[in-house]
Amino acid sequence: MSNFEPAYEYMIRHEVINYHAPGQVWYSNHPADKGGATAWGITEATAREYGYTDSMDTMLEMDALKIYRRAFWKFGGIENQRVASKLFDAAVNMGVRRAVKMAQQAAGFDDADIDGFIGPKTETAINMYKPDYFLAEFIGRLERRYRHIVDKDPSQAVFLKGWLRRAHELPEE
């Protein structure tokens, strides 16, 4: 089964510029970001939902870790760590339900069975696939999703290059 720590290490490099390096940027409030102010990649709305009450620009990584575990880490039942890490990264970027729906689609679920909830049926379906095949299907869906966002709202084009890079980057073996 998969572990949170390597998934976090993979994901956080997408959320924090220069993670654990001099000059790291862990707080952002980009005017085009519909999520608003974020710290360690966590939106203020999510931070508040999970009990964080201090200023976003003072959030410590240990606070973010607690939120990531509770709000986004739903993939411990996935056998392949690379797949679990990729799913976790997508869940952080677009929300757990949307990421799980895309995973269910990539795993071949019928439309009527796509519900965005990860449980034994979804885990079994994902675990049945060869990881590289599943990841290729999932990445294709991520790319289409990001392009669709920009097509519907051109103000989000500023993020497209980064989103596509994130979609195509794979966790290490």
Next on the checklist: Ring centroids only, cut at 6.0 angstrom: are F88 and F4 within range, meaning strictly under it?
Outcome noted: yes

Taking the side chain as everything from C-beta on, heavy atoms only, tell me whether [X] gets closer than 4.5 Å to [Y].
X    : Y    : value
R141 : E137 : yes
K74  : V100 : no
V96  : I118 : no
W163 : I149 : yes
F117 : T122 : no

So with a 6.0 Å cut-off around [atom1] of [X], is the heavy-atom count from everything else above 12?
X    : atom1 : answer
D151 : CG    : yes
R144 : CZ    : yes
M128 : CE    : no
E172 : CD    : no

Got a second to check how far [X]'s [atom1] is from [Y]'s [atom2], nearest 0.5 Å?
X    : Y    : atom1 : atom2 : value
T43  : R48  : OG1   : CZ    : 10.0 Å
E44  : N29  : CD    : CG    : 8.5 Å
F159 : N93  : CZ    : CG    : 10.5 Å
H148 : Q156 : NE2   : CD    : 12.5 Å
Q105 : F138 : CD    : CZ    : 9.5 Å
L142 : R98  : CG    : CZ    : 11.5 Å

Does this structure show an ion pair linking [X] with [Y], if we count only N-O contacts that are shorter than 4.0 Å?
X    : Y    : result
R69  : E5   : yes
E169 : R165 : no
E15  : R166 : yes

Co-membership, hydrophobic cluster, residues [X] and [Y], 4.5 Å side-chain:
X    : Y    : answer
Y133 : I126 : yes
Y52  : I12  : yes
M1   : L87  : no
M11  : M94  : yes
L60  : W26  : no

Checklist entry - Looking at T53, D57, T58, which one forms a side-chain hydrogen bond (donor to acceptor under 3.5 Å, both in side chains) with S55? => result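 Of the listed residues T53, D57, T58, the side-chain hydrogen bond (donor to acceptor under 3.5 Å, both in side chains) partner of S55 is D57.
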
Give me the atom names and distance for the closest heavy-atom approach of [X] to [Y].
X    : Y    : value
E143 : A167 : N-CB, 4.5 Å
Y129 : G108 : OH-N, 3.9 Å
A64  : M59  : CB-SD, 4.0 Å
S2   : W73  : O-CZ2, 3.8 Å
A7   : S85  : CA-OG, 3.3 Å
A32  : S155 : CB-O, 4.1 Å

Checklist entry - Mind checking whether Y10 and H14 have parallel, tilted or perpendicular rings, split at 30° and 60°? => result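 Plane angle over 60°, so perpendicular.
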
Next on the checklist: Go through it in stages, so that I can follow the logic: the residues are H30 and T38, the test is side chain to side chain contact (heavy atoms under 4.5 Å, CB included), and I'd like the CA-CA distance, side-chain angles, deciding distance and then a yes or no.
Outcome noted: CA-CA 9 Å; H30 192 288; T38 64; over 6 Å; no

Checklist entry - Would Q104 and D115 count as having a side-chain donor-acceptor pair, cut-off 3.5 Å? => result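 A pair is found: one side chain offers a donor N or O, the other an acceptor, under 3.5 Å apart.
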
Checklist entry - When you look at Y8 and E61, which way does the side-chain hydrogen bond (donor to acceptor under 3.5 Å, both in side chains) test go after all the steps? => result CA-CA 11 Å; Y8 176 79; E61 187 174 16; 2.6 Å; yes

Checklist entry - Does K121 count as lying over the ring of F109, i.e. NZ or CZ under 6.0 Å from the six-ring centre, within 45 degrees of the axis? => result yes

